[in-house]
There are 2 protein chains.
Amino acid sequence: MQDVARLAGVSTITVSRVLRQPEKVKPETRDRVQAAVQALGYVPDLIAGSLSSRESRQVAAIVSTLAGSIFASTVEGLAQTLREQGHQLLLGTSEYSAASEEQLIATALSRRPDGLVLTSGDHTPRARRMLADAGIPVVEVWDIPEAPFDMAAGFSNVEAGRAITQFLVETGRRRIGFIGGQHEGDQRGRLRHQGYATALKEAGLGEPRSIADSTIVSMVERGARNLAMLMDRWPDTDAIFCASDSVALGALSEARRRGIAVPERLAVAGFGDFEFAGDFGLGLTTVRIPGRAMGAAAGRLILDRKRGAPGMVKIVDLGFEIVRRGSA
Amino acid sequence: MQDVARLAGVSTITVSRVLRQPEKVKPETRDRVQAAVQALGYVPDLIAGSLSSRESRQVAAIVSTLAGSIFASTVEGLAQTLREQGHQLLLGTSEYSAASEEQLIATALSRRPDGLVLTSGDHTPRARRMLADAGIPVVEVWDIPEAPFDMAAGFSNVEAGRAITQFLVETGRRRIGFIGGQHEGDQRGRLRHQGYATALKEAGLGEPRSIADSTIVSMVERGARNLAMLMDRWPDTDAIFCASDSVALGALSEARRRGIAVPERLAVAGFGDFEFAGDFGLGLTTVRIPGRAMGAAAGRLILDRKRGAPGMVKIVDLGFEIVRRGSA
DNA sequence: CTCGGAAATGATATCGATACCATAGTTCGT
DNA sequence: ACGAACTATGGTATCGATATCATTTCCGAG
């Protein structure tokens, strides 16, 4: 920066101003400085800048996983929103473990991010304390927790599970099953199941028919095997709600293998509206989640808070949408 | 840090040592310092640390997109490798534009990362100059470029396209088509097509039959529509190689709609081995790419170089694998 | 008991920017 | 023509750690 200043015949602070608040510098001085920046190929050091200004212009995000197309679009939406507003994304993946989430939070905080985005779920007490001590905006994305830590951007898994089950009821189905299964420590499947069970009870449709075998790692395989188990146990089942589209894919394959007609004999509903679910693919009836929008909203919440926007919203419910296709 | 030092009755530099090189501090002093750290909930400031030590312990990655399950696993593999070795990941998404890649490189470099991971492809001249000036390890992932900028971890799209086409030939197919289409600025589809064309020529099978309509945004829809176009134009086609599994999914759906028996009448091969391609899903014959491994390898290349490992490998070819399933 | 050398610890300068306050130059109203 | 109120620019301290070199402590051989 000194080199640039010398070449432009100004002081370092003026160079800094040209880069950060150009409108405060006289146009011709500005041009001279910018020319010097170009000529020297000067790249400012944000590490030093952050230390000095006490704002890092980075936001950390900690997600369970990027694979399986679950959080990828959320992270992408977040990254883009941040970028548009001059911020950067620091990413960590916790692999569905609350312990490693705690670890990641600690290292993320040591970068002094201006905000933190977490996938909602269990956080250890220590993690919560660290977050509180850090005093930065925190957004939980995906499921909106009953008692958010700070802010939240997402939807209600319970409501979504309830809605899709109600949809199946409305289309005339009466013996509705559920297949899914949750990762340990991941309560999403559980919440969707809860919505399903509630809807059944509300419609007076008897006991839930649920299979949630978590011994199988692949979601698709789990869908296939669990459908088999479910149909063996309750052969008259006329609809199933699958905890994710991947599970639904496995179920659809198994149904075809067994010669069960979909949707005539069995309606299949998924969750997530993954790429393969569309009309030109599986034609799967499913629940569409605003993946990208949740990330973008999280970014906005953090940046608005940072700017000190008054009377701020803390919870953004982006809802969900039932997409009817051929399978139900 | 001063508070911790005072509480432990040592100087700040000793606190720093306890955190960074514990073995250089006498065990009892170390315990005292660690107790103080705990008691005060002290979280070191890596921004200051980075400025002082001139190493940031972060690695930046710039990928075109996270959606579509293409790069997500690579990023995840990278994040994990870095984490295991005490480094963090700074992520940017360029949305398939070389111009915004350039922009992202500039902002990434201003964080003074210890290394940079890029998806291979076109880089602007300015981008290349910035990278050269930065003097940090750079790894290109996915396709191994003919002239890598610095290091590379990936596989050959051309070879993979050639191999899967050869596989189709070996299984008795003679009139093999290609459907795909590339994003502008993304040469992956083009390279795969090149391998396909080479294999055809080597087998003496006449001219390529390719449809690559890029007007359609969704890959799945593109697969469906392009298969339709291809079969209309060359009705006797007995196999197709799709530039990605998503395209193959669309093609499979369209084939079913038209009553074309797969694989009897038409063999379908995809690319990528996405989640839905497996035996419990589509049962798609495809090319498996070492997504996670490429990320992990990229991380290792950077960290090894940082450690100054001598006689280093610069190119890691992780190959690919043809997975035969029911569709071909 | 003494001395050499290793182990443990500390004092101070420094990394590269920005905050804060001061100063010089400019505009304009009366 | 003069001072008020801006605008444009600069000097210096500072952010919170670590590098470097200096100093002290400790240990065992002779």
Side-chain angles (χ1 to χ4, degrees), chain A residues 1-34 36-37 40-58 86 88 106-107 109-114 133-136 306, chain B residues 1-34 36-37 40-58 86 88 106-107 109-114 133-136 306:
Chain A
M1 196 164 178
Q2 289 207 350
D3 298 342
V4 174
R6 201 172 306 129
L7 181 58
V10 297
S11 70
T12 59
I13 185 68
T14 299
V15 176
S16 172
R17 282 200 192 96
V18 169
L19 267 33
R20 304 247 299 160
Q21 320 167 58
E23 73 286 355
K24 294 200 139 191
V25 178
K26 203 203 300 183
E28 63 186 57
T29 311
R30 195 193 306 159
D31 293 345
R32 210 146 25 93
V33 171
Q34 276 161 347
V37 166
L40 298 176
Y42 166 68
V43 177
D45 186 328
L46 277 184
I47 291 183
S50 298
L51 179 60
S52 180
S53 67
R54 314 173 97 352
E55 59 152 347
S56 63
R57 280 178 282 164
Q58 7 181 52
Q88 279 171 280
T107 54
L109 288 180
S110 62
R111 294 273 175 213
R112 302 290 186 263
D114 293 336
D133 290 350
I136 56 174
K306 196 179 154 188
Chain B
M1 196 162 177
Q2 289 206 351
D3 297 343
V4 173
R6 202 173 306 127
L7 181 59
V10 297
S11 71
T12 58
I13 185 68
T14 299
V15 175
S16 172
R17 281 200 192 97
V18 169
L19 267 33
R20 302 247 300 161
Q21 322 167 53
E23 74 285 356
K24 293 199 138 191
V25 178
K26 205 204 296 182
E28 64 187 56
T29 311
R30 194 192 307 160
D31 293 345
R32 209 148 24 94
V33 171
Q34 275 160 349
V37 166
L40 298 176
Y42 166 67
V43 178
D45 185 327
L46 277 184
I47 291 183
S50 298
L51 179 60
S52 181
S53 68
R54 321 178 85 356
E55 59 152 346
S56 63
R57 280 178 281 165
Q58 336 186 81
Q88 278 169 281
T107 55
L109 288 179
S110 62
R111 294 275 174 208
R112 300 291 186 263
D114 293 336
D133 290 350
I136 56 175
K306 195 179 154 188

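Naming: A, B, ... by sequence-line order, numbering from 1 per chain. Heavy-atom basis, side chains included; hydrogens, waters and symmetry copies ignored.
- Across the protein-nucleic acid pair, A:Arg20 atom CZ and C:dC20 atom P stand 12 Å apart, rounded to whole Å.
- A donor atom on one side chain and an acceptor atom on the other are found under 3.5 Å apart for B:Gln88 and A:Arg111.
- Legend: residues meeting side-chain contact (heavy atoms from CB on, under 4.5 Å) with B:Asp45, ordered by chain and number and at least two apart, are A:Arg112, B:Ile47, B:Ala48.
- Counting only residues at least two apart or on different chains, no side-chain hydrogen bond (donor to acceptor under 3.5 Å, both in side chains) pair has a member in residues 20-29 of chain B.
- As rounded to whole Å, 11 Å separates atom P of C:dA11 from atom CD of B:Gln2.
- The shortest side-chain heavy-atom distance between B:Tyr42 and B:Leu19 falls under the 4.5 Å cut-off.
- One interatomic measurement links the two molecules: CE of B:Met1 to P of C:dA11, which rounds to 14 Å at whole-angstrom precision.
- When the side-chain nitrogen and oxygen atoms of A:Tyr42 are compared with OP1 and OP2 of C:dA17, one or more of them lie within a distance under 4.0 Å.
- Rounded to whole angstrom, the span from the CG atom of B:Asp31 across to the C1' atom of C:dA8 amounts to 15 Å.
- At whole-Å resolution of the value, CZ in A:Arg111 and P in D:dG16 are 17 Å apart.
- If you take CG of B:Leu19 and P of D:dA17, they are 9 Å apart, rounded to a whole angstrom.
- Note: B:Leu109 CG to B:Ile136 CD1 = 5.5 Å, rounded to the nearest 0.5 Å.
- Note: CG (B:Asp3) to P (D:dC15) measures 13 Å, nearest angstrom.
- With rounding to whole Å, A:Asp45 atom CG is found 7 Å from C:dG16 atom P.
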Distances under 3.5 Å between nitrogen or oxygen atoms of protein and nucleotides 4-10 of chain D:
{"residue": "D:dT9", "atom": "OP1", "partner": "A:Thr29", "partner atom": "OG1", "Å": "2.5"}
{"residue": "D:dT9", "atom": "OP2", "partner": "A:Lys26", "partner atom": "N", "Å": "3.1"}
{"residue": "D:dG10", "atom": "OP2", "partner": "A:Ser11", "partner atom": "N", "Å": "3.0"}
{"residue": "D:dG10", "atom": "OP2", "partner": "A:Ser11", "partner atom": "OG", "Å": "3.1"}
{"residue": "D:dG10", "atom": "OP2", "partner": "A:Thr14", "partner atom": "OG1", "Å": "2.6"}
{"residue": "D:dG10", "atom": "O6", "partner": "A:Arg17", "partner atom": "NH2", "Å": "2.9"}

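- Every residue meeting the salt bridge (charged side-chain N to carboxylate O under 4.0 Å, His left out) condition with A:Asp3, not counting sequence neighbours, appears here in chain and number order: A:Arg6.
- Side-chain atoms of A:Val33 and A:Val25, non-hydrogen and from C-beta on, never get closer than 4.5 Å to each other.
- Within a heavy-atom distance below 4.0 Å of DNA chain D, the residues of residues 47-56 of chain A found are A:Leu51, A:Ser52, A:Arg54.
- Separating the CD1 atom in B:Ile13 from the CE atom in B:Met1 is a distance of 6.5 Å, to the nearest 0.5 Å.
- Partners of B:Gln34 by side-chain contact (heavy atoms from CB on, under 4.5 Å), not counting sequence neighbours, listed by chain and number: B:Val18, B:Arg30, B:Asp31.
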